Amino acid sequence: MSSQSTLADDDLFGEAAEEMRADVEEHLDAARSALPATDDVWDAEADNVLGVLNGLRSSLDVGDADDHLRQAKKTFIIGQRAEAFEDADDLEEEIESMTELLDSIREAGELVGELTSTMPQLRSQLQEAEDAAEAAAEDADEEETEEVDEAEADADEEEEETEADADADEESADEAEADD
């Protein structure tokens, strides 16, 4: 009877191992299904950069993928330690691949978050620089206008002096002729 119970235990163990493998695969499939859609991450519709970044940040939400991956890992570790899987390499590779993908998505989300907070500051700084450049250009135009006005005033003054000198010279010449 001992051999029959061992055979029954082996059957149960084999069945449990198959169920554990199926459970790991189901959680990995659920994690894949919870990932953002490629088009949602790649395509963007917005009026400005900030809108694009906010849309991208929202699309990088992994939803329940982390929870499903965690469940897959837990079941896999239990099965692996119990030596329930005949060949666990494929499951281990899938778990590692999913872990790396989720890490990449989280990292991208963090970078987008940083850009989302940086872009309004950058816009402000660029606007200030643009305003300063415009103000400097206006000041330069005003100074140039003042210099031109001063030069014209100086030229008018010189012209008046020249005319006055010419008139004085003419009067002197007229007086000299009258004296003769």
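All heavy atoms count here, side chains included; hydrogens, waters and symmetry mates do not. Being a predicted model, the structure only gives us computed values, none of them experimental.
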Which atom of P36 lies closest to which atom of S59, heavy atoms considered: CB-O, 2.9 Å
Report the C-alpha distance between M20 and V24 in whole Å, list the side-chain angles of each, state the deciding distance to 0.1 Å, and finish with yes or no for side chain to side chain contact (heavy atoms under 4.5 Å, CB included). CA-CA 6 Å; M20 288 181 96; V24 170; 5.5 Å; no
Would you say that L91 contacts E25 through its side chain, given a criterion of any heavy-atom pair below 4.5 Å between the two side chains? yes
G51 and A46: which non-hydrogen atoms are nearest, and at how many Å? C-CB, 3.5 Å
Taken to the nearest 0.5 Å, the spacing of T116 OG1 from L50 CG works out to 6.5 Å
Do the charged groups of D87 and R21 touch, with an N to O distance under 4.0 Å? no
From H27 NE2 over to K74 NZ, what is the distance, rounded to the nearest 0.5 angstrom? 8.5 Å
Heavy atoms of other groups near R123 CZ, more than 12 under 6.0 Å: no
Could you tell me which non-hydrogen atom of F76 sits nearest to which non-hydrogen atom of F85, and how far apart they are? O-CE1, 3.5 Å
Any link between L69 and I78 through a network of hydrophobic side chains (Ile, Leu, Val, Met, Phe, Trp, Tyr) touching at under 4.5 Å? yes
Within the side chain of S97, is there an N or O that forms a donor-acceptor pair under 3.5 Å with the backbone of E94? no
Q71 side, atom CD; D64 side, atom CG - distance, nearest 0.5 Å: 11.5 Å
How would you list, by chain and number, every residue that makes a side chain to side chain contact (heavy atoms under 4.5 Å, CB included) with E128, sequence neighbours excluded? none
Search all heavy atoms of A31 against all heavy atoms of H68 and return the closest pair with its distance. N-CB, 3.7 Å
Please confirm whether the backbone N or O of E114 pairs with a side-chain atom of S117, one donor and one acceptor, at under 3.5 Å? yes
Across all chains, not counting sequence neighbours, the side chain to side chain contact (heavy atoms under 4.5 Å, CB included) partners of D39 are D43
Can you name the residues that form a salt bridge (Lys or Arg N to Asp or Glu O under 4.0 Å) with D29, not counting sequence neighbours? R32
Atom CD of E96 and atom CG of D89: how far apart are they, to the nearest 0.5 Å? 9.5 Å
Would E19 and D23 count as a side chain to side chain contact (heavy atoms under 4.5 Å, CB included) here? Give the steps. CA-CA 6 Å; E19 288 175 3; D23 193 33; over 6 Å; no
Spacing of CD1 belonging to I95 relative to CD belonging to Q80, to within rounding of 0.5 Å: 8.5 Å
Do the side chains of D67 and R70 get close enough for a salt bridge, i.e. N-O under 4.0 angstrom? no
Verdict with reasoning, I105 to V41, per side chain to side chain contact (heavy atoms under 4.5 Å, CB included): CA-CA 10 Å; I105 293 170; V41 172; over 6 Å; no
Taking CD in E134 as the centre, count heavy atoms belonging to other residues, nucleotides or ligands within less than 6.0 Å. Is the count above 12? yes
So if you build clusters from Ile, Leu, Val, Met, Phe, Trp, Tyr with side-chain heavy-atom gaps below 4.5 Å, do L122 and V52 land together? no
For the residue pair R57 and G113, what are the closest heavy atoms and their distance? NH1-CA, 4.2 Å
When hydrophobic residues are tied together by side-chain contacts of less than 4.5 Å, even through go-betweens, does L115 share a cluster with L126? yes
For A65 and A34, work out which heavy atoms get closest and say how close. N-CB, 3.5 Å
To the nearest 0.5 Å, what is the distance between NZ on K73 and CD on E92? 11.0 Å
